[in-house]
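As structure tokens, the structure follows; a few thoughts come after it.
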Amino acid sequence: MLSAAARCAATQRPRPREARVPGSRMYQVLENRVRETLERFLRERYGVSVHVAISRPPKTELGEMATPVCFELARLLRRPPRPLAEEMASLLPSIPGIERWTVAGGGYLNAYLDRAAFFREAALAETAAPSPAPDAPKIIVEHTNINPNKAAHIGHLRNAVLGDTFVRLLRHTGHRVEVQNYIDNTGVQVADVVVGFLHLEKKPVEDVRQLATQPKFDFYCWDLYARVTQFFEEDPARIELRNQALKAIEEGHGTEAELAELIATTIVRCHLRTMERLGVEYDLLPRESEILRLKFWDAAFALLKQRGAVVYATSGKNAGCWVMPLGDADEPTAAPEAKILVRSNGTVTYVGKDIAYQLWKFGLLDRDFAYRRFHTHPSGHTVWVTASEAGEPDAPCFGRADQVFNVIDSRQSYLQNIVVAGLRALGYSEQADRSVHFAYEMVALSPRCAEELGYPLSEEERRRAYVEVSGRRGTGVKADDLLDRLEARARAEVDARHPDDPAEERATRAHAIAVSALRYYLLKYTRNTVVAFDFKDALSFEGETGPYCQYAVVRARNIFRKWAMQQMETSEAADGSLEISLTPEQAARFLAPPEGNEFWELVLLAGSLDAAVHAAVTAQEPAFVAKYAFQLAQAFNNFYHRHHILTEADATRQAFLLMLTSLVMQQLEVALALLGIEAPEKM
RNA sequence: GCGCCCGUAGCUCAGUUGGAUAGAGCGUCUGGCUACGAACCAGAAGGCCGGGGGUUCGAGUCCCUCCGGGCGCGCCA
């Protein structure tokens with residue numbers, strides 16, 4: 001049997017492979033095929049090497065793919081674009097899936113797809129994600145990272161939902177992903193709550209231990225943390241209590257350390273429970289306490305000194321500190337900037353520890369954690385936690401990634417840049433290039449929402465688009481409170497529609513609806529948009545929302561349920577075989593223009609999920625998939641109103657409509673699953 | 001002062017590496033439930049894409065500049 005280290009070493013690969021698209025034969029695959037063919041053709045016939053951009057024409061009458069490449073070609077070859085396009089259209093080799101080429105406008109080259117073939121292949125396409133090889137390059141996604149000293153709020157939810165959705169997208173496209181949720185269990189924020197229990201509430205450890213068994217310990221600490229902030233403000237000398245606590249916690253001794261461990265671990269469990277409500281799961285919880293105990297920083301520090309990436313400042317404002325010089329070395333006139341990694345009192349800054357952690361993620365630090373089982377998610381998946389000793393022998397191999405995504409809000413981009421600069425200064429430029437700050441803007445409150453919550457606003461704040469929240473002041477919307485409100489609202493809607501269904505089922509559906517409303521709300525904004533949280537928008541189930549998308553799936557399912565019942569009653573066979581039969585020629589007839597354009601547009605959209613996913617992964621923008629899901633749901637709802645399937649007299653036409661519905665339903669279910677949304681059977 | 005981000009319909013936001021007539025939701029107004037569930041659909045009104053220059057066949061998108069707003073820039077995390 002191999003040792004853990006040897007097993008890990010065996011899975012190391014020098015380079016990651018290109019991102020793959022799952023085994024669908026849909027739009028994205030066709031587009032790639034067309035691009036490659038055109039680029040090869042241009043090279044061979046005209047001797048030019050250009051990137052061929054492919055877009056969608058404004059109307060289906062103009063085809064499904066268009067390229068303006070002839071405009072660029074015109075300049076290179078000094079020939080007018082339109083005749084060039086005509087020449088290309090007549091000379092291009094045939095491409096499977098493409099029926100014909102035309103020239104449009106001043107020189108657009110447009111492709112028309114083989115509609116029936118596309119429909120057939122989309123309907124047959126594999127929707128399950130391919131599972132990556134166990135030795136495939138690994139991507140680490142770090143997200144959530146909530147300080148374990150208070151309840152999670154909506155800002156944390158945006159982080160977790162973005163991270164979790166990106167993980168789903170990566171796994172769907174065949175990547176091996178490890179999800180880490182970093183726990184800063186020895187930091188200032190935990191120390192503050194320790195001070196609160198010891199010096200403000202003057203509670204003995206046993207009392208806190210008792211409190212920690214209560215269900216909403218994280219809510220209790222939320223309030224206590226705000227009170228501690230005030231406690232410090234009343235008498236600044238009390239900051240010394242924090243410093244004492246921090247020191248004891250870092251060194252791991254005394255009542256403070258015992259309390260810190262109790263508080264942090266209890267609250268981490270609260271956070272896991274909150275995130276589980278949203279379907280978010282993790283692989284590993286790396287903790288700062290182990291980074292300290294196992295002296296990761298010492299190892300990183302040795303490397304930094306050895307490579308000359310840090311220097312000891314003997315004079316100036318940083319005298320006595322170890323600093324990392326920043327700025328352009330080729331620009332000697334630039335002001336010498338430096339980031340302090342080791343303070344003059346010998347303690348390490350946050351950035352320093354983060355550099356060590358980032359090095360470990362890439363397997364560049366000559367040490368590793370021990371690991372223990374911490375928790376089992378409802379799916380059965382195990383969450384591991386780091387340990388400094390006595391790890392469990394069957395722990396998986398963590399770390400050693402080929403690429404790392406850190407999901408952290410954009411206010412921390414300066415520090416993230418320093419971490420990357422650290423890697424670069426050590427000579428790990430490839431790993432620096434593969435360190436991605438997956439940044440997103442904060443969640444603030446709309447002024448109306450802040451006032452609803454009872455926070456006093458100044459005249460100036462009232463006029464703003466949004467106001468920031470502060471965990472330190474105890475302002476903000478707690479994740480569990482919001483989820484409770486969403487579930488109650490969804491439950492009221494479900495109860496009104498299905499009063500006779502079992503209560504347990506109604507609760508399950510209300511939960512699914514609440515989750516979809518929340519996740520969609522947090523995902524529909526692109527990452528660099530500040531979300532001005534508002535209850536009216538977040539609690540809405542109409543328009544561009546998660547429940548709207550779910551509703552389209554529920555409608556499709558209802559059709560199939562009722563159709564199956566009809567078949568059972570009327571069919572002489574009644575053997576349970578509910579095959580829909582349709583020949584390719586029949587499908588082609590229903591899809592043919594102009595009457596078939598309406599159906600074809602729906603087929604094309606349903607078959608474009610892979611393109612939406614590809615774009616989302618490439619741009620690192622989960623919102624693209626949210627937009628896609630909504631568009632598909634919208635297109636289906638329109639179709640649903642125009643064509644009544646169950647009363648369709650023409651059996652062939654009904655078969656076609658059913659197949660189309662099936663295709664849309666399947667694609668929409670996959671799209672929603674990627675967003676972490678499940679459609680209930682009824683709603 | 002320096003760095004990053006934003007400015008698109010009344011409001012909230014989309015707009016792939018520059019491509020054809022700038023889109024959606026909400027709100028407003030109008031119409032549609034004895035048809036697969038109206039958490040829905042259809043229609044209308046609503047835009048000098050912050051201003052001004054530039055790059056080119058073509059700019060909401062790229063460059064410069066100005067205006068307005070946000071967030072960072074600590075021997076905190």
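Letters A, B, ... are given to chains in the order of the sequence lines, protein chains preceding strands, and every chain is numbered from 1. All values reported here derive from a predicted model rather than from experimental measurement.
Between A/N147 atom CG and B/A77 atom P there is a gap of 11 Å when expressed in whole angstrom units. Going from atom CZ of A/F541 over to atom P of B/A38 covers 19 Å, rounded to whole Å. Between A/F560 atom CZ and B/G37 atom P there is a gap of 14 Å when expressed in whole angstrom units. Rounded to whole Å, the distance from CG on A/D184 to C1' on B/C76 is 11 Å. Between the CZ atom of A/R242 and the P atom of B/A77 there is a distance of 10 Å, rounded to whole Å. Look at CZ on A/F636: it is 14 Å from P on B/C40, rounded to the nearest Å. In this structure, the CG atom of A/L658 is 10 Å from the C1' atom of B/C36, given to the nearest Å. To the nearest angstrom, C1' of B/G3 lies 12 Å from CD1 of A/I418.
As the counterpart of B/G7, B/C67 is assigned, both hydrogen-bonding distances of the Watson-Crick or G-U wobble pattern falling under 3.5 Å. In a base pair of the Watson-Crick type (N1 to N3 plus N6-O4 or O6-N4) or a G-U wobble (N1-O2 and O6-N3), with each distance short of 3.5 Å, B/G46 is matched with no nucleotide. In this structure, B/G18 makes no Watson-Crick or G-U wobble pair, since no nucleotide meets both defining distances under 3.5 angstrom. In this entry B/A24 has B/U12 as its Watson-Crick or G-U wobble partner, both defining distances falling under 3.5 Å. Using the Watson-Crick or G-U wobble rule with both distances under 3.5 Å, B/C2 pairs with B/G72.
For the pair A/R464 and B/G70, the criterion of a side-chain N or O lying under 4.0 Å from OP1 or OP2 is met. Here A/N638 reaches the OP1 or OP2 of B/A42: one of its side-chain N or O atoms lies under 4.0 Å away. Phosphate contact (OP1/OP2 of B/C5, side-chain N/O of A/R527, threshold under 4.0 Å): absent. Between A/Y551 and the phosphate of B/A39, there is a side-chain N or O to OP1/OP2 separation shorter than 4.0 Å. Within the 4.0 Å cut-off from OP1 or OP2 of B/A38, not a single side-chain nitrogen or oxygen of A/R497 is found. Regarding contacts with the backbone of B/C40, every side-chain N or O of A/N637 stays at 4.0 angstrom or more from both OP1 and OP2. In this model, the phosphate group of B/C4 is not approached by any side-chain N or O of A/Q412 to a distance below 4.0 Å at OP1 or OP2.
Checking B/U17, B/G32, B/C36 against every side-chain atom of A/N558, the shortest atom distance belongs to B/C36. Here the nucleotide nearest the side chain of A/P547, chosen from B/A77, B/A39, B/C26, is B/A39. Among the nucleotides B/C75, B/C36, B/U56, the one closest to the side chain of A/Y640 is B/C36. Candidate nucleotides B/A39, B/G25, B/G70 were compared by shortest atom distance to the side chain of A/F630, and B/G25 ranks first. Checking B/C5, B/C76, B/C71 against every side-chain atom of A/M442, the shortest atom distance belongs to B/C71. With distances taken from any side-chain atom of A/T526 to the nucleotides B/A14, B/C40, B/C75, the minimum falls on B/A14. The side chain of A/K627 approaches B/A14 more closely than any other nucleotide in the set B/A14, B/C36, B/G74. The side chain of A/Y548 sits closest to B/C40 out of B/G15, B/C40, B/C36. Nearest to the side chain of A/Y108, among B/G72, B/G19, B/C75, sits B/G19. Distance from the side chain of A/E544 is smallest to B/A24 among B/C5, B/A24, B/A35.
Across A/W563, A/F560, A/F639, a single residue satisfies side chain to side chain contact (heavy atoms under 4.5 Å, CB included) together with A/I645, and that is A/F639. Shown are A/T529, A/N159, A/T526; of these, the side chain to side chain donor-acceptor pair (under 3.5 Å) with A/Y440 is made only by A/N159.
A/A53 comes within contact range of at least one nucleobase, with a heavy-atom separation under 4.0 Å. At a threshold of 4.0 angstrom between heavy atoms, the contacts of A/A66 include nucleobase atoms, whether or not backbone atoms are also involved. As judged by a 4.0 angstrom heavy-atom cut-off over every strand, A/F71 is placed among the base-contacting residues. At a threshold of 4.0 angstrom between heavy atoms, the contacts of A/Q550 with the nucleic acid are absent. Within the nucleic acid shown, A/V342 has no heavy atom closer than 4.0 Å to any nucleic acid atom. Nucleic acid contact for A/A444: none, since no nucleic acid atom lies under 4.0 Å from a heavy atom of the residue. Counting non-hydrogen atoms under 4.0 angstrom, A/A104 reaches a base of the nucleic acid.
Between B/C48 and B/G52, the distance separating the two P atoms is 12 Å to the nearest Å. Straight-line distance between the P atoms of B/G54 and B/C40: roughly 48 Å, to the nearest whole Å. For the C1' atom pair drawn from B/G50 and B/G60, the interatomic distance equals 12 Å after rounding to whole Å. Annotation: B/U21 and B/C67 have their P atoms spaced 35 Å apart (nearest Å). For the C1' atoms, the distance from B/G46 to B/U30 is 15 Å, rounded to whole Å. Here the separation of B/U34 from B/C26, taken at their P atoms, is 24 Å to the nearest Å. Rounded to the nearest Å, the gap between the P atom of B/A42 and that of B/G53 is 41 Å. A distance of about 10 Å separates the P atoms of B/C49 and B/U61, rounded to the whole Å.
Comparing A/G105 and A/H643 by the nucleotide of RNA chain B whose heavy atom lies nearest to each, the residue mapping closer to the 5' end is A/G105. Nearest-nucleotide mapping onto RNA chain B: of A/S410 and A/Q634, the residue sitting toward the 5' end is A/Q634.
With hydrogens and angles ignored, a donor-acceptor pair under 3.5 angstrom links the side chain of A/N110 to the base of B/A20. For A/T529 against B/C13, no side-chain N or O and base N or O form a donor-acceptor pair under 3.5 Å. Evaluation of atom-type donor-acceptor distances gives no pair under 3.5 Å for the side chain of A/K524 against the base of B/U12.
A cation-pi contact, defined as under 6.0 Å to the ring centre and within 45° of the axis, links A/R238 to A/F231. Taking the centre and axis of the six-membered ring of A/Y27, the NZ or CZ atom of A/R56 falls inside the cone set by 45° and 6.0 Å.
A/Y108 has its side chain out of reach of A/V103: every pair of non-hydrogen atoms, C-beta onward, lies at least 4.5 Å apart.
Ring centroid separation for the pair A/Y548 and A/F630 comes in under the 6.0 Å cut-off. For A/W322 and A/F301, the ring centers are positioned less than 6.0 Å apart. Aromatic pair A/F599/A/F656: centroids less than 6.0 angstrom apart.
The aromatic ring of A/H51 does not stack onto the base of B/U17, failing the criterion of a centre distance under 5.5 Å from the six-membered base ring together with planes under 30° apart.
Heavy atoms from other residues, nucleotides or ligands lying under 6.0 Å from CD of A/E678 number 12 at most.
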Let's go through A/F296 and A/Y357 carefully: what are the C-alpha distance in whole Å and the side-chain angles of both, what is the deciding distance for ring-ring contact (aromatic ring centres under 6.0 Å, His included) to 0.1 Å, and is it a yes or a no? CA-CA 8 Å; A/F296 273 30; A/Y357 176 32; 8.5 Å; no
